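What follows is a set of notes on a single structure, which appears directly below.
This one's a predicted model, so the numbers in the text were calculated from it and none came from an experiment. Every chain is numbered from 1 and lettered A, B, ... according to where its sequence line falls, protein lines coming before strand lines.
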Number of protein chains: 2
Amino acid sequence: MEFNEKQIDILLAAERLFATKGFDGTSVRDIAQEANVNVAMINYYFGSKDKLLDTFFEWRVPDFMINVDELALVDNALDKVDVMVDRYVKSMSSHRKLYRVIAIESTLKQRMLISEAFKKLKIHNLDVITSIINSGIAEGVFKTGNDPILIHSMMMGTFMNFQMNQVFLQDQLGIADDDGYGKYIETTLTQFIQKTIKALLTYEK
Amino acid sequence: MEFNEKQIDILLAAERLFATKGFDGTSVRDIAQEANVNVAMINYYFGSKDKLLDTFFEWRVPDFMINVDELALVDNALDKVDVMVDRYVKSMSSHRKLYRVIAIESTLKQRMLISEAFKKLKIHNLDVITSIINSGIAEGVFKTGNDPILIHSMMMGTFMNFQMNQVFLQDQLGIADDDGYGKYIETTLTQFIQKTIKALLTYEK
DNA sequence: GTTTAAATTAAACGTTTGTTTAAATTTGCT
DNA sequence: AGCAAATTTAAACAAACGTTTAATTTAAAC
């Protein structure tokens, strides 16, 4: 999919607005104004507001796949967990606000195309986790009986919770600005998720 | 706050619709039809659509507070974790769909009243977790250096992830219906969160 | 039974919504 | 320069939005 400059302006404007006001809360006129573009251009280029959301989705989703290439270079399972979580959080964190849009809209009513693209993403990330657990079991450092789905849910949910409750958490953690919050996610939160997964996979009983 | 039968009909109708279509995606006419009520009744009783959401909130939020009384009866910290998670999941689970509405709407734009009520809820639950961790440290079974905020985020996020991705997870887990999904949450997921927190709090290094 | 207030209704209010139209402008090509 | 296609515009479209009105019905009080 190739987009011209104006189309990208629209996609970026939509991203900003969806992230703060949601899809239903954002009008095409809002988007047009934010992108400095005539209202009709949105329908001209994307067909409809719904199709804009779909296109926006396909445009961004590839960014959220965990990169497997880097993981192949790591030789022990505990370190693989660290790298996997780090890459996962970094990719999500770099499109923080967008990810909230995806997560919210994919759960609402029949946003089927979105759900499909999102499903592929989750299955891919799930596969990565499964292979890491299996390699850890083969090494003898991880216990058996841990469901990758639950671990993935935990990782994803914990991260998402930081997106959804930024105002509250930023206040509770005494973080001044958005940048500081992003840094916290990429350091302390990342370490926490890494520690949690390793603790879980090595836990007796 | 006391409500008559018709007001409760409206609140329940709103709950159903908000849960599936979101706040902005639900019209007052939708709500009126779902509640078998004239459109004007909503403004008559609640003032406006926004105030309906606020009222709805205050009406439901108390249900989500973790009950502290039961925890006082438990004498060791490991069991306290089990009871706390069990009560937390049970209360959230019994208003599953609603909780998704709250979580979504409280993050969007200036839904300030909601955010405030939600904040109180989170602080209360955070306090409960903090006291459990401290009692565990005093007992010598929990390590120090674990931030209650992160543990709360993990517990809440993991649970929320199950609300947000029900369609995907139900499919992945091979669960047939909504009831089965609810059961899974109250058994397997609950145990998973319990295990994760205990693993984390007892993890070396 | 009459009076007074509360509840309920259908209709209309002015906005805003997403989308389309048809004309005007710009662009690329020969 | 001249033509055709692509782009951009302002205006209009019908539909849906949240809300209000004014009239009517129901309920409660005396």
Point-to-point distance, once rounded to the nearest 0.5 Å, from CG of B/Leu52 to OH of B/Tyr45: 13.5 Å

Steps toward salt bridge (Lys or Arg N to Asp or Glu O under 4.0 Å) verdict (B/Asp54, B/Lys51): CA-CA 5 Å; B/Asp54 293 336; B/Lys51 282 184 192 160; over 6 Å; no

Contact check, side chains of B/Phe3 and B/Ile10, non-hydrogen atoms, under 4.5 Å: no

Separation of C/dT16 P from A/Lys49 NZ (nearest whole Å): 15 Å

Short heteroatom pairs, N/O only, protein and nucleotides 22-26 of chain C, under 3.5 Å:
none

Strand contacts (DNA chain C) in residues 35-42 of chain B, 4.0 angstrom heavy-atom criterion: B/Asn38, B/Ala40, B/Met41

Non-hydrogen side-chain atoms of A/Leu189 and B/Leu150 separated by less than 4.5 Å: yes

Stems involving DNA chain D, each a run of at least 3 consecutive Watson-Crick or G-U pairs under 3.5 Å: C:1-30 with D:1-30

Lys/Arg cation over aromatic B/Tyr203: A/Lys195, 6.0 Å, 45° cone: no

For residues 71-81 of chain A, run the donor-acceptor check on the side chains, cut-off 3.5 Å, and write out each pair with its distance to 0.1 Å, sequence neighbours left out.
{"residue": "A/Asn76", "atom": "OD1", "partner": "A/Leu78", "partner atom": "N", "Å": "3.2"}
{"residue": "A/Asn76", "atom": "OD1", "partner": "A/Asp79", "partner atom": "N", "Å": "3.1"}
{"residue": "A/Asn76", "atom": "ND2", "partner": "A/Asp79", "partner atom": "OD2", "Å": "2.6"}

Separation of C/dT9 C1' from B/Tyr44 OH (nearest whole Å): 12 Å

Sidechain-backbone polar pair: A/Gln194 side chain, A/Asp82 backbone, donor-acceptor under 3.5 Å: yes

Phosphate contact (C/dT17 OP1 or OP2) by A/Ser27 side-chain N/O below 4.0 Å: yes

Residue pair B/Gln166 / B/Asp178, side-chain donor-acceptor N/O under 3.5 Å: yes

Sugar-phosphate, base or nothing in reach of A/Phe46, heavy atoms under 4.0 Å: nothing

Side chain to side chain, B/Phe46 and B/Met41, heavy atoms closer than 4.5 Å: no

Salt-bridge criterion met for A/Lys90 and A/Asp86 (N-O under 4.0 Å): yes

Distance, rounded to the nearest Å, where A/Arg29 contributes CZ and C/dT15 contributes C1': 11 Å

Heavy-atom check, side chain of A/Glu15 versus side chain of A/Trp59, under 4.5 Å: yes

side-chain hydrogen bond (donor to acceptor under 3.5 Å, both in side chains) contacts in which one or both residues fall within residues 149-162 of chain B, not counting sequence neighbours: A/Ser153-B/Asn161, A/Asn161-B/Ser153, B/Asn161-B/Asn165

Charged N-O contact under 4.0 Å between A/Lys119 and B/Asp171: yes

Nucleotide range of DNA chain D lying under 4.0 Å from chain A heavy atoms: D/dA6 to D/dA12

